[in-house]
Amino acid sequence: MPLALLALAVGAFGIGTAEFVMMGLLPDVASDLHISIPSAGHLVSAYALGVVIGAPLLAAVTARMSRRTVLIALMALFVVGNALSAFAPGNGSLLAARFLSGLPHGAFFGVGAVVATGMVPPERKARSVSLMFLGLTVANIAGVPAATLMGQHLGWRATFLGVSAIGLAAIAALALLIPHDHTHASATGLRGELAALRSLPVWLALGTTVAGFGALFAAYSYVTPMLTDAAGYAETSVTLLLALFGVGATAGNLLGGRLADHSLRGTLFGGLVSLAVVLALFPLLMRAEWSAALAVTLLGMAAFVTGSPLQLMVMEKATAAPSLASSANQAAFNLANAGGAWVGGIALAAGYGTTSPALAGAALAVLGLGVAGAAYTVDRRRALPSTGRVVTSHLHRSEDSEALRS
């Protein structure tokens with residue numbers, strides 16, 4: 001694997017840390033800015049909104065630019081957003097800075113996935129995407145806990161300065177390691193990229209992402225009360241357990257990349273089935289501390305097995321617009337985050353129990369399987385006409401040969 005993938009992973013590490021660290025800093029930010037915890041929670045939503053809007057928008061606007069230049073520019077915007085967060089005087093300016101920080105997130109992963117797959121042979125494309133995503137999963141193991149600890153001891157503003165420093169390191173790595181010859185812009189331009197997104201298979205692939213990762217976030221958004229109320233863990237142990245989720249996500253991400261290079265569709269279906277099973281077993285696994293820890297690890301592994309296959313499938317369905325489609329998939333991930341949390345919250349509010357969000361997630365995973373199955377059916381039907389013509393012409397040749405022999 002080319003060393004340039006390390007530069008993409010460093011950028012992904014910084015972005016992953018910036019996205020999730022706010023959840024651990026909410027009490028500190030709320031206290032410092034004299035706002036309530038629910039109001040501070042809007043800072044998480046502002047970042048997610050930036051991702052959803054920025055992913056397709058920035059990918060479309062930069063369609064004709066060198067992808068190497070785009071990656072560096074996106075990371076520079078990320079650094080500016082986090083630096084502004086560190087110096088924000090109030091809640092309103094911090095909301096705007098968090099929105100700005102989220103804008104380059106999806107486009108970076110989208111364009112980065114195109115660059116990563118362009119640097120390796122076809123049989124290693126999924127593995128290259130998984131290595132870029134490795135930075136995101138490792139951020140949940142090391143980056144987020146370290147940044148949270150920094151915020152608790154040095155103040156939350158120091159955390160965002162630290163994240164900005166990671167972004168600067170990523171810019172240096174991108175400039176040094178990303179080769180110019182693998183980053184040419186698409187020849188289709190903005191109009192061609194937008195036209196390529198009208199394809200039904202592309203939207204079915206994006207729908208699979210929303211449903212599949214919505215299943216994850218339906219449970220993960222409420223994993224803390226599950227661990228404390230159902231499994232009996234102390235609140236001080238939750239951070240360590242969330243690190244176990246990161247370990248599982250890292251293992252699943254690497255496994256999914258390797259398996260998808262052998263069977264993209266098989267890995268996707270297998271991952272969604274595994275996710276549905278793990279979530280369905282959550283009420284049982286949350287009855288003891290050891291099995292609850294196992295459940296959190298398996299949740300991360302089952303969910304992120306599907307990460308690389310989903311990213312690659314969207315890119316393959318939109319060959320004329322890989323950057324835009326890949327970035328749109330990142331927007332779909334964040335829609336899954338918001339939608340999954342909403343679905344899990346409905347189950348919890350309805351009084352079905354602490355572990356009910358996991359069962360709602362299992363239903364979403366089954367829905368994701370249904371959408372993936374529909375995508376497979378569409379692909380098969382589109383392939384049949386050309387296959388039929390080949391068979392027909394072969395039969396005609398056989399009949400002609402028989403007539404000549406006669």
Side-chain angles (χ1 to χ4, degrees), residues 20 23-24 41 44 137 140-141 144 207-253 255-256 267-307 310 333 335-373:
F20 294 110
M23 299 170 188
V44 178
T137 57
N140 284 282
I141 302 173
V144 174
T208 305
T209 297
V210 172
F213 271 82
L216 164 65
F217 287 109
Y220 188 66
S221 300
Y222 305 96
V223 72
T224 296
M226 290 188 209
L227 291 170
T228 55
D229 298 346
Y233 275 103
E235 289 186 7
T236 53
S237 303
V238 171
T239 301
L240 178 60
L241 291 165
L242 295 184
L244 286 179
F245 172 84
V247 171
T250 300
N253 172 55
L255 178 64
T267 304
L268 177 58
F269 283 134
L272 289 171
V273 169
S274 301
L275 183 58
V277 171
V278 169
L279 289 169
L281 291 175
F282 248 58
L284 178 64
L285 295 173
M286 284 292 162
R287 293 179 180 177
E289 290 187 354
W290 71 268
S291 56
L294 177 64
V296 171
T297 307
L298 291 176
L299 176 63
M301 181 177 290
F304 278 85
V305 159
T306 64
L310 282 169
F333 277 119
L335 286 175
N337 189 338
W342 177 68
V343 170
I346 289 176
L348 204 57
Y352 292 124
T354 307
T355 57
S356 61
L359 297 179
L364 284 176
V366 173
L367 175 62
L369 270 172
V371 179

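Taking OG1 of Thr354 as the start and CE of Met226 as the end, the distance is 8.0 Å to the nearest 0.5 Å. For the atom pair CG of Leu369 and OG1 of Thr208, the computed distance is 9.0 Å after rounding to the nearest 0.5 Å. Rounding to the nearest 0.5 Å places CG of Leu244 at 11.0 Å from CE of Met301. Separation of atoms OG1 (Thr306) and CG (Leu268) is listed at 6.5 Å; rounding is to 0.5 Å. One distance of note links CG of Asn337 with CZ of Phe333; it measures 11.0 Å at 0.5 Å rounding. A distance of 8.5 Å separates CZ of Phe304 from OG1 of Thr250, quoted to the nearest 0.5 Å.
Distance alone, capped at 3.5 Å, is enough to place a donor-acceptor pair between the Ser274 side chain and the Gly270 backbone. Ser291 places a side-chain N or O within 3.5 Å of a backbone atom of Leu285 that can act as its donor or acceptor partner.
The two atoms that bring Val278 and Ala302 nearest to each other are CG2-CB, 4.4 Å, heavy atoms only. Listed here is the closest heavy atom pair of Ala360 and Ala347: CB-CB, 4.2 Å. For the residue pair Ala243 and Ile141, the shortest heavy atom distance occurs at O-CG1, 4.1 Å. Counting all heavy atoms, side chain and backbone alike, Ala372 lies closest to Leu272 at CB-CD1, 4.3 Å. The nearest pair of heavy atoms linking Ala292 to Leu227 is CB-CD2, 4.1 Å. Leu275 approaches Gly212 most closely through the heavy-atom pair CD2-O, 3.4 Å.
Looking at Leu364, Val366, Leu299 one by one, the single match for side-chain contact (heavy atoms from CB on, under 4.5 Å) with Leu279 turns out to be Leu299. Each of Tyr222, Tyr220, Phe217 was compared with Pro357 under the side-chain contact (heavy atoms from CB on, under 4.5 Å) criterion, and only Tyr222 meets it.
By the 4.5 Å heavy-atom criterion applied to side chains, Met286 and Asp229 are not counted as neighbours. Residues Asn140 and Leu242 are not in side-chain contact: their nearest non-hydrogen atoms beyond the backbone lie 4.5 Å or more apart. Two residues are said to be in side-chain contact when any heavy atoms from C-beta on lie closer than 4.5 Å; Phe282 and Leu359 fail this criterion. When side chains are defined from C-beta on, Phe213 counts as touching Leu310, because their heavy atoms get closer than 4.5 Å.
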- Item | Verdict with reasoning, Tyr233 to Leu240, per side chain to side chain contact (heavy atoms under 4.5 Å, CB included) | CA-CA 11 Å; Tyr233 275 103; Leu240 178 60; over 6 Å; no
